[in-house]
Amino acid sequence: MHRPAGPRDLPDSPVATLAYSELFESFGNGTSLVRPEQVLAQATLYWLTNTYATAARYHYAEQRSGAEPVVAAGRLGVAVFADDFRTIRSLAERDNSRIEHWSEFPRGGHFAAMEVPGDVVADLRVFFA
């Protein structure tokens, strides 16, 4: 029986790692501002250190843990970027009882820290001020 390729197959080929990393460049709706050299750097780092499966395993394990969700009570700030998940508000409010800062940005996506780092830094400064 054939199984679909996944993160554990990535160490076999730098091409597979780069193909998987294409998701990094076009996450969501293909509007990512991540530059091609950043995608290449990420793929190279994961392939040379053989850590792509380790990075993906966290999400796999968390999804299958069976743990009951817990509402977080710590102080929280949320930044929403135009090309990332726009429906985050209901999930954030469901899972967090102390959202003290909410901001929305007209550009940037899932990898905003790399795409629009100045916006991220400015928002962090406002939150922690």
Side-chain angles (χ1 to χ4, degrees):
M1 180 161 97
H2 178 72
R3 65 172 175 74
R8 67 179 170 215
D9 299 308
L10 296 174
D12 295 340
S13 166
V15 173
T17 301
L18 192 56
Y20 193 79
S21 292
E22 191 275 336
L23 294 172
F24 177 62
E25 184 176 13
S26 63
F27 186 86
N29 58 9
T31 59
S32 178
L33 302 174
V34 176
R35 297 184 317 272
E37 58 270 19
Q38 291 172 303
V39 174
L40 184 58
Q42 163 128 346
T44 300
L45 179 65
Y46 276 124
W47 187 68
L48 292 176
T49 60
N50 193 21
T51 54
Y52 230 131
T54 302
R57 187 174 295 121
Y58 166 79
H59 300 291
Y60 178 87
E62 182 180 28
Q63 183 181 19
R64 289 160 179 78
S65 72
E68 289 295 320
V70 175
V71 175
R75 182 174 182 244
L76 182 72
V78 178
V80 180
F81 295 88
D83 296 316
D84 198 9
F85 302 110
R86 300 303 305 255
T87 57
I88 192 79
R89 186 168 213 121
S90 63
L91 298 173
E93 289 172 344
R94 178 194 72 193
D95 296 341
N96 301 278
S97 64
R98 268 186 77 192
I99 298 175
E100 296 182 7
H101 176 75
W102 189 277
S103 55
E104 297 185 11
F105 293 89
R107 62 191 193 122
H110 191 68
F111 301 101
M114 289 177 41
E115 298 170 319
V116 288
D119 292 348
V120 173
V121 169
D123 195 51
L124 285 168
R125 287 181 174 147
V126 169
F127 175 67
F128 285 107

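Residues V116 and L124 are members of one and the same hydrophobic cluster, defined by side-chain heavy-atom contacts under 4.5 angstrom among Ile, Leu, Val, Met, Phe, Trp and Tyr. Under a hydrophobic-cluster definition in which Ile, Leu, Val, Met, Phe, Trp and Tyr are linked whenever side-chain heavy atoms come within less than 4.5 Å, directly or via other members, F105 and F128 are assigned to the same cluster. A single hydrophobic cluster is seen to contain both L76 and I88, as judged by linkage of ILVMFWY side chains at heavy-atom distances under 4.5 Å, directly or through other members. Hydrophobic clustering, with ILVMFWY side chains joined whenever heavy atoms are under 4.5 angstrom apart, keeps V121 apart from F111.
Remark: S103 pairs with D123 by the side-chain hydrogen bond (donor to acceptor under 3.5 Å, both in side chains) rule, at least two apart or across chains. Every side chain to side chain contact (heavy atoms under 4.5 Å, CB included) that L91 has, sequence neighbours left out, goes to R94. Remark: T44 engages no residue in a side-chain hydrogen bond (donor to acceptor under 3.5 Å, both in side chains) (not counting sequence neighbours). Listed by chain and number, the residues in a salt bridge (charged side-chain N to carboxylate O under 4.0 Å, His left out) with E104 are R86 (sequence neighbours excluded). In this view, T51 and T49 satisfy the side-chain hydrogen bond (donor to acceptor under 3.5 Å, both in side chains) rule, not counting sequence neighbours.
Contact record, V126 with H101: CG1-CE1, 3.5 Å, taken as the closest heavy-atom pair. For the residue pair S97 and A73, the shortest heavy atom distance occurs at OG-CA, 3.4 Å. Residues A82 and R107 come closest through the heavy atom pair CB-N, 3.8 Å. Scanning both residues, E115 and H110, for their nearest heavy atoms gives OE1-N, 3.9 Å.
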**OP:** Start with the C-alpha distance between F81 and V120, add both sets of side-chain angles, then the distance that settles side chain to side chain contact (heavy atoms under 4.5 Å, CB included), and finish with yes or no.
**Re:** CA-CA 10 Å; F81 295 88; V120 173; 3.8 Å; yes
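For residues 55-69, no residue pair satisfies the salt bridge (charged side-chain N to carboxylate O under 4.0 Å, His left out) rule, not counting sequence neighbours.
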